[in-house]
Amino acid sequence: MTTHIPVLLKETIEGLNPEKGETALDATLGGGGHSRALCARIGESGTFIGVDADEDAVLRAKEILSPCKARVILETANFRTIARILDNHGIKAINRAVFDLGLSSFQLEESNRGFSFQRSEPLLMTFEKNAPQEAVTAYDIVNQWREDSLEAILLGYGEERFARRIAKAIVSARREKPITSTDELVSVIVQALPWSYRNKRLHPATKTFQALRIAANDELGALKEGLFECFSRLAPRGRMAVISFHSGEDRIVKLFFKEQKNAGAAILISKKPIIPSREEQRENPKSRSAQLRILEKI
Ligand SMILES: C[S@@+](CC[C@H](N)C(=O)[O-])C[C@H]1O[C@@H](n2cnc3c(N)ncnc32)[C@H](O)[C@@H]1O
């Protein structure tokens, strides 16, 4: 059975330091790990707002948070629309907020949406379970984007050193027939790489899959908007915590926090990013690349 182990849980809750009666937001419900801990701290007089783009995460949270005594509001939505969600519920300000970015173990292992290169699944990679017709999917990117755009995302979002070779191989393969599944894509990637690169510890498709997922969900665009909206609704002395998993995300968080600090609008609770202890990394290898930053509004 799949479980999602919350990353940097103790450090996030200690850093946010939520108190009884406060309003807390979890912008990325996932498996509900951080939500449960936040809810327990704000108690029955608190208000909890949980958001996830994936309706399965929201359904899961409903169950996990059923013992929670706080007022609980759950929304299937993109966190770039936080302000509208708060408006819809008449909530003016929040005291604590967490963003735990990327995808959950449930999405990786059970969603059948093509996040994993270890299964044969359709190439979707959308966080939304029932993405609208017009949503960009990994299939669209792989089969329709120009070679130079493919190369750019593999390089920019995946830091894939063989971006050019992989982009070329994808375009050449799709001339024969569309690439429709994860295993077809994996085989195109593997064949594009030099032999010496095929048996490394990191699976050769890891970076390409990361890049496609980020592009399909416009993850960096959503993050910029989500951080801005969340900060604008943070109460004075309110805190927000962001856990990122790759350098592209962390750069955005670091810059946003620095801008608020330089503008005299916030202080940094963590001067440097907090990373998982060796013990956590050993117990949960998925936590290895995590970096936590926390800010307090003045
Ligand atoms: C790493 S998981 C969160 C795990 C959670 N903190 C826990 O401990 O169980 C990330 C979640 O964020 C969601 N997500 C990512 N980007 C999002 C966005 N822009 N808007 C809403 N949800 C998003 C994903 O669907 C996924 O469920």
Side-chain angles (χ1 to χ4, degrees), residues 2-13 15-16 24-40 48-65 68 73-86 96-116 124-132 135-136 157 210 213-230 240-246 248-250 252-253 276 280 283-292:
T2 307
T3 48
H4 179 95
I5 307 169
V7 169
L8 287 163
L9 179 62
K10 184 168 152 281
E11 293 82 350
T12 304
I13 301 301
L16 284 175
L25 164 79
D26 186 342
T28 51
L29 285 163
H34 291 88
S35 300
R36 190 165 31 199
L38 275 175
C39 269
F48 173 83
I49 308 120
V51 175
D52 203 294
D54 187 341
E55 71 178 68
D56 281 348
V58 176
L59 288 175
R60 212 177 297 118
K62 201 174 261 179
E63 208 177 306
I64 287 167
L65 299 179
C68 172
I73 297 163
L74 299 175
E75 289 278 354
T76 305
N78 195 299
F79 59 55
R80 70 200 317 163
T81 63
I82 284 169
R84 192 174 345 135
I85 296 168
L86 297 178
R96 316 285 145 181
V98 62
F99 291 72
D100 178 16
L101 302 171
L103 81 170
S104 71
S105 304
F106 296 99
Q107 290 166 326
L108 188 70
E109 284 153 37
E110 294 179 355
S111 72
N112 197 37
R113 295 207 291 279
F115 291 110
S116 169
L124 294 167
M125 298 200 194
T126 54
F127 286 145
E128 286 168 286
K129 185 182 179 189
N130 298 307
V136 176
Y157 299 164
Q210 174 179 299
R213 195 202 78 214
I214 294 172
N217 295 288
D218 182 25
E219 287 180 39
L220 303 186
L223 177 59
K224 284 181 194 160
E225 287 175 31
L227 291 177
F228 176 82
E229 293 219 343
C230 182
M240 59 195 269
V242 188
I243 305 168
S244 62
F245 289 87
H246 58 85
E249 285 173 344
D250 187 56
I252 290 171
V253 181
E280 178 170 1
E283 281 168 12
N284 180 15
K286 286 181 187 149
S287 73
R288 270 185 206 143
S289 57
Q291 303 201 71
L292 165 68

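This one's a predicted model, so the numbers in the text were calculated from it and none came from an experiment. Counting convention: from 1, in listed order, for ligands and their atoms alike.
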Assess whether side-chain contact (heavy atoms from CB on, under 4.5 Å) is satisfied between Phe127 and Arg213, documenting all intermediate values. CA-CA 9 Å; Phe127 286 145; Arg213 195 202 78 214; 4.0 Å; yes
For Leu101 and ligand 1, answer yes if some heavy atom of the residue is under 4.0 Å from a ligand atom, otherwise no. yes
Counting non-hydrogen protein atoms only, what is the nearest one to atom 8 (O) of ligand 1? Give residue, atom name and distance. His34 ND1, 3.0 Å
Taking 4.0 Å as the limit for heavy-atom contacts, which would you say applies to Glu219 with ligand 1: side chain only, backbone only, both, or neither? neither
So which protein heavy atom does atom 9 (O) of ligand 1 come closest to, and at what separation? Gly31 N, 2.8 Å
I need the minimum non-hydrogen distance between Val98 and Leu16, along with the two atoms involved. CB-CD1, 4.2 Å
Atom pair CZ/CD1 of Phe99 and Ile243 - distance to nearest 0.5 Å: 11.5 Å
Spacing of Arg80 atom CZ and Asp218 atom CG [to the nearest 0.5 Å]: 4.5 Å
For the pair Lys286 and Glu109, find out whether any cationic side-chain nitrogen is under 4.0 Å from an anionic carboxylate oxygen. yes
In this structure, CD1 of Ile252 is separated from CG of Leu220 (nearest 0.5 Å) by 4.0 Å
Is the His4 ring parallel, tilted or perpendicular to the Phe106 ring (thresholds 30°, 60°)? parallel
Atom 22 (N) of ligand 1: the protein heavy-atom neighbour that sits closest, reported with distance to 0.1 Å: Ala53 N, 3.1 Å
Which bit of Ala77 gets closer than 4.0 Å to ligand 1, counting heavy atoms only: side chain, backbone, both or neither? backbone
Nearest 0.5 Å, what's the CG-CD1 distance between Asn284 and Ile5? 4.0 Å
Would you call Leu25 and Cys230 a side-chain contact if the rule is heavy atoms closer than 4.5 Å? yes
Closest approach of any protein heavy atom to atom 19 (N) of ligand 1, naming residue and atom: Asn78 OD1, 3.0 Å
Got the closest protein heavy atom to atom 17 (C) of ligand 1, with its distance? Phe79 CE2, 3.4 Å
Can you tell me the protein heavy atom closest to atom 7 (C) of ligand 1 and the distance? Gly33 N, 3.4 Å
Proximity to ligand 1 by part of Leu9, non-hydrogen separation under 4.0 Å: neither
To check your reading of the model: name the closest protein heavy atom to atom 4 (C) of ligand 1, its residue, and the distance in Å. Asp100 OD2, 3.2 Å
Using heavy atoms and a threshold below 4.0 Å, how should the contact between Leu29 and ligand 1 be classified: side chain, backbone, both, or neither? backbone
When distances are taken from atom 27 (O) of ligand 1, the protein heavy atom at minimum range is Asp52 OD2, 2.7 Å
